[in-house]
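Because only heavy atoms are used, hydrogens play no part in the values below, and waters and symmetry mates are left out as well, while side chains stay in. All of these numbers come straight from a predicted model, not from anything done at the bench.
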There are 2 protein chains.
Amino acid sequence: MDIARRVGVSQGTVSLVISGGAASDQVAEKTRRAVLQAAAELGYTVNAAARRLKGGRTRMLGLYTFEPVFPVDQRDFYFPFLLGVEEATARYGYDLLLFSSATDGGTRRIYAGGVNRLKVADGCVLLGRHLHRDDLAALVHEDFPFVFIGRREVPDAELSYVAADYVGATRDMVRTLADRGHRHLAYLKLSGDQEPTRDREAGFRQGLGDVGIPEESSMVHTVDDSGVITGDLLRGWLSTGVTALLVEPSEDDSTIVAVERAAAEAAVRIPEDCSVVLLGDPPLGERARDWTRFSLPREQMGREAVRLLLDLLDNDDGEPRQLNLACTPILGVSIAEPPAGLTS
Amino acid sequence: MDIARRVGVSQGTVSLVISGGAASDQVAEKTRRAVLQAAAELGYTVNAAARRLKGGRTRMLGLYTFEPVFPVDQRDFYFPFLLGVEEATARYGYDLLLFSSATDGGTRRIYAGGVNRLKVADGCVLLGRHLHRDDLAALVHEDFPFVFIGRREVPDAELSYVAADYVGATRDMVRTLADRGHRHLAYLKLSGDQEPTRDREAGFRQGLGDVGIPEESSMVHTVDDSGVITGDLLRGWLSTGVTALLVEPSEDDSTIVAVERAAAEAAVRIPEDCSVVLLGDPPLGERARDWTRFSLPREQMGREAVRLLLDLLDNDDGEPRQLNLACTPILGVSIAEPPAGLTS
DNA sequence: GGCCATCCCTAATACGTATTGGTTCCTGGT
DNA sequence: ACCAGGAACCAATACGTATTAGGGATGGCC
């Protein structure tokens, strides 16, 4: 360190002056000024890499997404999360590392080439639907600190997450429908048995219980991978007495599109002939209907994820942090009272 | 390094195996496998700070913005840059480090507390209007590799950038107006004398020269900090024969808003009484008029910035990389022929 | 047996900082 | 004159990696 040589003190002293807030009062005012001046003259700057090497912490938080964040078609879905994460990260004085490189032949993997790239950061926020369970399990196993946005489960481990309260939000929607007189509901769920699907179904059943509808008079239909719902299928449901649909939105909004198409095909009017509730956020398309739905507090979820992560870093008991945030119900125009004669 | 102890080799050998592509062929296949397996079992990852300190690559590129990227009001302006940067970063197998923390009492500084935080990354893309020249100069001085999005100058140094060709785009707009018969133009520029402003003005004068309009019959007006343009002012211009305005957009779109307000106040119709060209992208507001304007290739600029940066990293001659990208002219409805009797 | 080449690995070092125990020097008190 | 104690600084070390010179072992060749 040439600055030390120039002033004629040791490198340690220079370090005390430059960075030491606490211990720098034990250096003489005169030396301090000399050092600072020399630093200014030489255009000296602290090397962050060295400081981090010494300190252990990198003051970087990672953001890893199982899907690419930036393709435009999903932009508006993922963007609020990113927004919240970024804001909180900045507020706490950290930098945000976007793991965009982690592709392994097209699909994104945490362990590219056998190494866990996330470890360059102090901790990591995870995000995305198409996750690799084994990657996640491995991550838990080597107890790397991370928080998932969205409730996720892995066998034999509790992990930290910030999730939308799908259970409560769905339950409330069932009540809303019941309040309007609906007694026969159909829940259209996605295939795949992911946590969000399970939570919505749990909320559906809770809601039925709360309002005293026997499970037999309602139904659960799984939308298969083709995503097709025919008009005949819809007519079939209505003929069994169903008056309202609760639809789980898929990533590409195919389910809700399929419902609209089926309704058109079967000449079923929404909401006059059939009420429809969207269990989540609506499609991003412009001419979207004003669905009755609930909306995730996505930005807040991002912020809270960071908060939990830092909490995890600072006091590392082995305890997972778990947080469910309420969704905002939005009363759109896609529900009404059941058609006359079908209220019971 | 416990991985070395575990396998029973030296740390140097481990390093050869882990990172050494070139020299790693001089290590026995057997030890190599043993090391790799131990690494996998222990969940080892290289310490980026250490590697960087030693002089190696981190495979991280930084993105530093002089303004916060994420506040929603500027989101749509900065987002395309971010998009392009992210895409290119990922494509080249790098991760993207967002320097969001770099705030020093409200304003964003590169050298917060004397530390050059950017140094943890291999190189950095810079972005933003309110830059600190001295930070930039310091960065050049310690020749840290970076590319600016937008043309920037610092004294006594040439720096790398990817810029929109404001000169050419503005020149073409002058021609477009001249083609329609306009001979008296007014250029409304921002105060502050930043490069984008200077480039537009240079383009303005070039255009005048090209079409043979003497500079005296046109005018340049600087919009002061208040951003106010009165109806009287506008009327004054028109009375001197001005038939078209070229307006430099400000960050908060105040100039173009001010022009509209002044026009309304003075009962001047756009474009019947006065043509208006926007020298850049239009306001983000919904009910925006279809301005005649030009549009920056922002996403492409982001991508190219990354490309130049990597080029800079790979073959480090001291040469700066500079790239100007053409803007796309958009013919909106805000220009017309001059009012009758004023065509000459 | 002596010599050299090859192979595989180790030891040492540098990178730039933060921290700690220790040393020197000075002041003041007895 | 001596010691206590504090002020101001230094030397040494650790952080984790990449790199280089070199060393020990082995084998081949004359």
Side-chain angles (χ1 to χ4, degrees), chain A residues 1-36 38-39 42-60 113 115-117 119-122, chain B residues 1-36 38-39 42-60 111-122 138 141-144 313:
Chain A
M1 175 177 278
D2 40 355
I3 204 177
R5 251 181 290 113
R6 171 152 173 165
V7 181
V9 296
S10 78
Q11 175 271 327
T13 308
V14 173
S15 178
L16 281 182
V17 172
I18 297 290
S19 62
S24 80
D25 47 357
Q26 50 171 306
V27 57
E29 189 55 33
K30 191 174 138 193
T31 339
R32 150 200 238 81
R33 268 203 304 271
V35 168
L36 288 179
L42 294 177
Y44 166 81
T45 57
V46 181
N47 185 322
R51 178 173 280 182
R52 284 171 181 187
L53 173 57
K54 172 64 185 171
R57 290 289 185 83
T58 63
R59 295 202 78 76
M60 293 191 297
V115 292
N116 173 3
R117 185 126 173 83
K119 274 195 174 173
V120 298
D122 291 341
Chain B
M1 175 179 274
D2 40 355
I3 196 176
R5 251 183 287 113
R6 171 150 172 171
V7 182
V9 296
S10 78
Q11 175 270 327
T13 307
V14 173
S15 179
L16 282 182
V17 172
I18 296 291
S19 60
S24 80
D25 47 356
Q26 49 172 304
V27 57
E29 190 54 33
K30 191 173 138 193
T31 17
R32 152 199 235 80
R33 269 204 304 271
V35 167
L36 286 178
L42 294 178
Y44 165 83
T45 21
V46 303
N47 182 323
R51 174 175 281 180
R52 185 83 186 117
L53 176 58
K54 175 62 185 164
R57 293 287 182 81
T58 324
R59 295 201 80 72
M60 295 191 301
Y111 293 91
V115 194
N116 176 0
R117 13 186 333 82
L118 306 195
K119 271 193 180 170
V120 286
D122 293 343
H141 175 254
E142 55 176 326
D143 60 29
F144 179 79
L313 292 180

What's the [atom1]-[atom2] distance between [X] and [N], to the nearest Å?
X: Ile18(B); N: dA18(D); atom1: CD1; atom2: C1'; value: 13 Å
X: Lys54(B); N: dT17(D); atom1: NZ; atom2: P; value: 13 Å
X: Asp122(B); N: dA18(D); atom1: CG; atom2: C1'; value: 15 Å
X: Leu16(A); N: dA11(D); atom1: CG; atom2: C1'; value: 13 Å
X: Arg52(B); N: dA14(C); atom1: CZ; atom2: C1'; value: 16 Å
X: Asn47(B); N: dA14(D); atom1: CG; atom2: P; value: 17 Å

**Request:** Check if the side chain of Gln11(B) and the base of dA11(C) share a donor-acceptor pair of N or O atoms closer than 3.5 Å.
**Result:**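 Result: no qualifying N/O pair found.
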**Prompt:** Is there a donor on the side chain of Glu29(A) or the base of dA8(D) sitting less than 3.5 Å from an acceptor on the other?
**Reply:**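 Side chain to base: no pair present.
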**Prompt:** Among Arg59(B), Arg51(B), Arg52(B), which one satisfies salt bridge (Lys or Arg N to Asp or Glu O under 4.0 Å) with Asp122(B)?
**Reply:**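 Of all the options given, the one that passes is Arg52(B).
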From [options], nucleotide with atom closest to [X] side chain:
X: Val27(A); options: dT19(D), dC8(C), dC9(D); result: dC9(D)
X: Ala50(A); options: dG16(D), dG16(C), dC10(D); result: dG16(C)
X: Ser10(A); options: dC9(C), dA11(D), dA18(D); result: dA11(D)
X: Thr31(B); options: dT17(D), dA18(C), dC9(C); result: dC9(C)

**Request:** Output yes when a side-chain donor or acceptor of Thr58(A) lies under 3.5 Å from a complementary backbone atom of Met60(A), and no otherwise.
**Result:**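 Yes, Thr58(A) side chain to Met60(A) backbone: donor-acceptor pair under 3.5 Å.
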**Asked** Mapping Leu53(A) and Thr13(B) onto DNA chain D by nearest heavy atom, which one lands closer to the 5' end?
**Response**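 Whichever sits nearer the 5' end wins; that is Leu53(A).
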**Asked** For Arg57(B) and Leu313(B), which heavy atoms make the closest approach, and how far apart are they?
**Response**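 That closest heavy-atom pairing would be NH2-O, 3.0 Å.
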**Message:** OP1 or OP2 of dG16(D) versus the side-chain N and O atoms of Arg51(B): is any pair under 4.0 Å?
**Reply:**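 For dG16(D), neither OP1 nor OP2 has a side-chain N or O of Arg51(B) closer than 4.0 Å.
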**Rounded distance [0.5 Å steps], CD in Gln11(B) versus CD1 in Ile18(B)** =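 Here the interatomic distance stands at 10.5 Å.
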**Request:** Step by step, work out the side chain to side chain contact (heavy atoms under 4.5 Å, CB included) result for Val14(B) and Val7(B).
**Result:** CA-CA 9 Å; Val14(B) 173; Val7(B) 182; 5.9 Å; no
